[in-house]
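Take a look at the structure below.
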Amino acid sequence: MDVDDIETIAVLGAGNMGHGIAEVAALAGFDVHLRDIKEEFVQKGYDQLEWSLNKLAEKEQIGEAEAEAALDRVTPIVDLEEAVEDADFVVEAVPEKMDIKKNVYRELEQHAPDEAVFATNTSSLSVTELSEVTDRPERFCGMHFFNPPVRMQLVEVISGAHTDPEVLDLTEDLAEAMGKTPVRVRKDSPGFIVNRVLVPLLNEAAWLVEDDVATIAEVDSTTKYDIGLPMGAFELADQVGVDVSYDVLDYMQGVLGDAYEPCPLLVEKVEAEKLGKKTGEGFYDYDDGGADVPTDQIREDVADRLVAVMANEVAKLVGNDVADPAEIDEAVMLGAGYPEGPAKMADDAGIDYLYETLDNLYEETGAARYEPAEYLGTLAESGDQFHASAEDSEGDTPSFSSVAVSVDGKVGHLEIDRPHRMNTISGELLDELSEAVDVLAADDDVRAILLTGAGEKAFSAGADVQSMAGSADPIDAVELSRKGQQTFGKLEACDVPVVAGIDGYCLGGGMELATCADMRVASTRSELGQPEHNLGLLPGWGGTQRLKHIVGEGRAKEIIFTGDRFDPETMADYGFVNEVVANDEFEDRAWELARDLAAGPPIAQRYTKRAMLAGRDDTDAGLEIEAQAFGQLMNTQDLMEGISAFSADRDPEFEGH
Ligand SMILES: C/C=C/C(=O)SCCNC(=O)CCNC(=O)[C@H](O)C(C)(C)COP(=O)(O)OP(=O)(O)OC[C@H]1O[C@@H](n2cnc3c(N)ncnc32)[C@H](O)[C@@H]1OP(=O)(O)O
């Protein structure tokens, strides 16, 4: 079966995950049968699905007609036979209890077509065990969406012990057709990838407090503002539900052993029914303001221990061939909002250092959770890391994790690639951006650069304020400001024309980056602005100086002092945006403009950029460069080509000679 053969998808269970999956499937154009055991359950799921589609339309993320068409494709059903009899693909999202799921599969097997694929949306149960109650274990896999499916990009596609690889390919294709990013989990291993990394981290956070090593405030300050997770570990545990983490640990302990013993602190919370946000209290009291994580209680030893525990889980996954480091990093960034993947974090911290940290703790405490994984030991001993080190890839194009660089014809494409964090700009991203500009500038085939942000939400929402808050050292901040100014300045000064393709939020540092392009194209849904004053900051990556050259000082002050978000039409009036294009035409137009500029005369373009830049604050200097450049151009083949093409009434083919 090919993904094009899938017309009807049955989603079993209309709860939070079920109706969310149904929504995503309907938006992708599939006919969806949303089934639950009672009319009231299925209707509630259907109503929530409708609410969510309306919300997307309200926020202009989809059109109203699209929302209506998606809703029309969903049929709420109670009768199982009716729901699945003509289904090509079944996604099961019923409660996370082995018995309940097994009963559903037994019944499902009686009514579903023989060729239909069954996919369980379990977050922790054994896919293999579930598959074995059906007559089609080879057409059975895990398809683990994250909550809420409509917003979360990741889908873990899990192989059971019997799954046919073609079924995994099909399920990945289906996830892609739904606009998601699938990551393959090659073995049915407890917690798969994301929970396997995240939940032991939450457990270790609890052990740190249980053992009086650190306070909740210190652990959360460290996890949020040093490691850079979207929330503090305890805040996250409350968000996920303390019982959920406990259940996953309990299951892991049963299958994998005592390294996953739930910390008594978690057990106490579960017993006291203080399960987090959903019960109003967990580690924080949500009737009393909830979590207020301090920025200034970071502890290096706490970070070391948490990163070491994560590294150990990564090593176990890699060592057991469940997934490779790149897949693990992608899954954890997309599924848990990590700023960098855990394998990358471990490499940066130093594998041998983390190994030693674990080994010492294991010797001191004898606790199974600190026993270093065999694969971590192998890496530490050989001096290798999870990802190939810079030296290993010497001579090749450098590998980037936060930007993506490619060349298409004469256009170098530079994409900010942190869609899970609104393409916010961290210090590391600045380093990569700087290197990426060097790579493209050194490529003679590249005659224009197109700068975009990955995903549909943001070009870039600016500096990653969370990582800035955790390292608020004034001297470091001066250097960070200079680093941003200089990095963006490289683009401004590079010899080829640069087009910024702005789709979504273009704020703060993101707007300062776009300011350094030569031209800007924005989709109608974009919002632009310099909101730094709202945070008590100033546009410190060149915004106080460069913006005024494009929009004039009066408008630059308006943009900076109000801190407002502006629509692209207003920004076009102000002269910042060169063209505003419909959302669905944006990508084509940005590429078209970049290609047009790439076809221009490279030497004339280079000198024009230099003369204009030099003339910004010193017109005489700019005029002199202009005159000298004008003279240089007289001697070029490009000039001959331009004049010949003009005479022959054809398009010129400039070569840059
Ligand atoms: C020298 C340069 C300095 C600077 O650049 S300072 C930073 C300037 N930028 C800003 O002030 C923008 C701040 N962000 C926002 O105002 C809003 O966000 C948006 C308008 C961009 C989007 O709003 P919505 O669509 O409602 O989404 P959401 O839930 O607010 O954000 C989604 C996730 O993205 C994170 N995020 C957004 N912007 C930043 C940022 N600049 N630094 C760090 N994280 C950011 C949020 O926290 C959240 O994360 P979670 O999903 O984990 O809750």
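What's counted below: heavy atoms across the whole structure, side chains too, no hydrogens, waters or symmetry copies. Just so we're clear, the structure is a prediction, and the values are computed from it rather than from any experiment.
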Below 4.0 angstrom, N of the basic side chain to O of the carboxylate: do [X] and [Y] qualify?
| X | Y | answer |
| --- | --- | --- |
| Asp431 | Lys483 | yes |
| Glu327 | Arg184 | no |
| Arg305 | Asp301 | no |
| Asp226 | Arg299 | no |
| Asp258 | Arg369 | no |

Is [X] reaching over with its side chain to a backbone N or O of [Y], donor-acceptor style, under 3.5 angstrom?
| X | Y | value |
| --- | --- | --- |
| Glu415 | Leu450 | no |
| Glu132 | Pro137 | no |
| Glu218 | Thr215 | yes |
| Glu156 | Ala331 | no |
| Lys187 | Val322 | no |
| Glu92 | Lys101 | no |
| Asn312 | Leu358 | no |
| Ser481 | Gly540 | yes |
| Asp173 | Val3 | no |
| Asp473 | Ile475 | yes |

[atom1]/[X] to [atom2]/[Y] distance, rounded to the nearest 0.5 angstrom?
| X | Y | atom1 | atom2 | answer |
| --- | --- | --- | --- | --- |
| Gln385 | Asp352 | CD | CG | 10.0 Å |
| Glu313 | Tyr260 | CD | OH | 3.5 Å |
| Asp417 | Leu429 | CG | CG | 9.0 Å |
| Thr163 | Phe140 | OG1 | CZ | 8.5 Å |
| Leu202 | Tyr246 | CG | OH | 15.5 Å |
| Leu198 | Leu236 | CG | CG | 5.5 Å |

Closest non-hydrogen atom pair between [X] and [Y], with its separation:
| X | Y | answer |
| --- | --- | --- |
| Ala598 | Val411 | CB-CG2, 4.0 Å |
| Val318 | Asp324 | CG2-C, 4.4 Å |
| Ser221 | Asp296 | OG-N, 3.8 Å |
| Thr487 | Ser434 | CG2-N, 3.7 Å |
| Phe234 | Ile216 | CD1-CG2, 3.7 Å |
| Val446 | Gly412 | CG1-N, 3.7 Å |

Under a plain distance cut-off of 3.5 Å, with no hydrogens placed, do [Y] and [X] share a side-chain donor-acceptor pair?
| X | Y | answer |
| --- | --- | --- |
| Thr181 | Glu330 | no |
| His144 | Asn195 | no |
| Asp304 | Thr357 | no |
| Glu432 | Ser401 | yes |
| Ser189 | Arg196 | yes |

Heavy atoms, side chains only, cut-off 4.5 Å: are [X] and [Y] in contact?
| X | Y | result |
| --- | --- | --- |
| Trp541 | Leu430 | yes |
| Leu170 | Asp2 | no |
| Met422 | Ser460 | no |
| Val405 | His413 | no |
| His387 | Asp329 | yes |
| Cys494 | Ile449 | yes |
| Asn203 | Val199 | no |
| Thr452 | Ile416 | no |

>> The test is side-chain contact (heavy atoms from CB on, under 4.5 Å); show your working for Gln466 and Arg421 and say whether it passes.
In response: CA-CA 11 Å; Gln466 190 179 315; Arg421 298 279 276 204; 3.8 Å; yes
>> Could you walk me through whether Leu306 and Ile227 satisfy the side-chain contact (heavy atoms from CB on, under 4.5 Å) test, starting with their C-alpha distance in whole Å, then the side-chain angles of each, then the deciding distance to 0.1 Å, before giving a yes or no?
In response: CA-CA 9 Å; Leu306 292 170; Ile227 300 179; 4.0 Å; yes
> What about the rings of Tyr370 and Tyr362, do their centers lie closer together than 6.0 Å?
Replying inline: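 Centroid separation for Tyr370 and Tyr362: 6.0 Å or greater.
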For [X], does the [atom1] atom have more than 12 heavy-atom neighbours from other residues, nucleotides or ligands under 6.0 Å away?
| X | atom1 | result |
| --- | --- | --- |
| Glu374 | CD | no |
| Glu210 | CD | yes |
| Asp444 | CG | no |
| Glu166 | CD | no |
| Gln297 | CD | yes |

>> So, using ring pair (Phe, Tyr, Trp, His ring centres under 6.0 Å) as the criterion, who are the partners of His162 when residues are at least two apart?
In response: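 Checked His162 against ring pair (Phe, Tyr, Trp, His ring centres under 6.0 Å); zero matches.
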> Quick one: ring pair (Phe, Tyr, Trp, His ring centres under 6.0 Å) partners of Tyr251, sequence neighbours excluded?
Replying inline: none
> Does the side-chain contact (heavy atoms from CB on, under 4.5 Å) test come out yes or no for Met178 and Phe145, once each step is laid out?
Replying inline: CA-CA 11 Å; Met178 292 177 177; Phe145 287 82; 3.8 Å; yes
> Which of these passes side-chain contact (heavy atoms from CB on, under 4.5 Å) with Ile351: Asp384, Thr378, Leu379?
Replying inline: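 Filter result, single survivor: Leu379.
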>> Set out, in order, the CA-CA distance, both residues' side-chain angles and the distance that settles side-chain contact (heavy atoms from CB on, under 4.5 Å) for Asp464 and Ile425, then state yes or no.
In response: CA-CA 5 Å; Asp464 188 330; Ile425 302 171; over 6 Å; no
> Given the rule in the salt bridge (Lys or Arg N to Asp or Glu O under 4.0 Å) test, do Asp164 and Arg139 qualify, once you have shown the distances and angles that lead to the verdict?
Replying inline: CA-CA 6 Å; Asp164 181 340; Arg139 296 187 71 68; 5.6 Å; no
>> Would Lys316 pass as a cation-pi partner of Tyr375, given that its NZ or CZ must be under 6.0 Å from the six-membered ring centre and within 45 degrees of the axis?
In response: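 Lys316 over Tyr375 ring: no.
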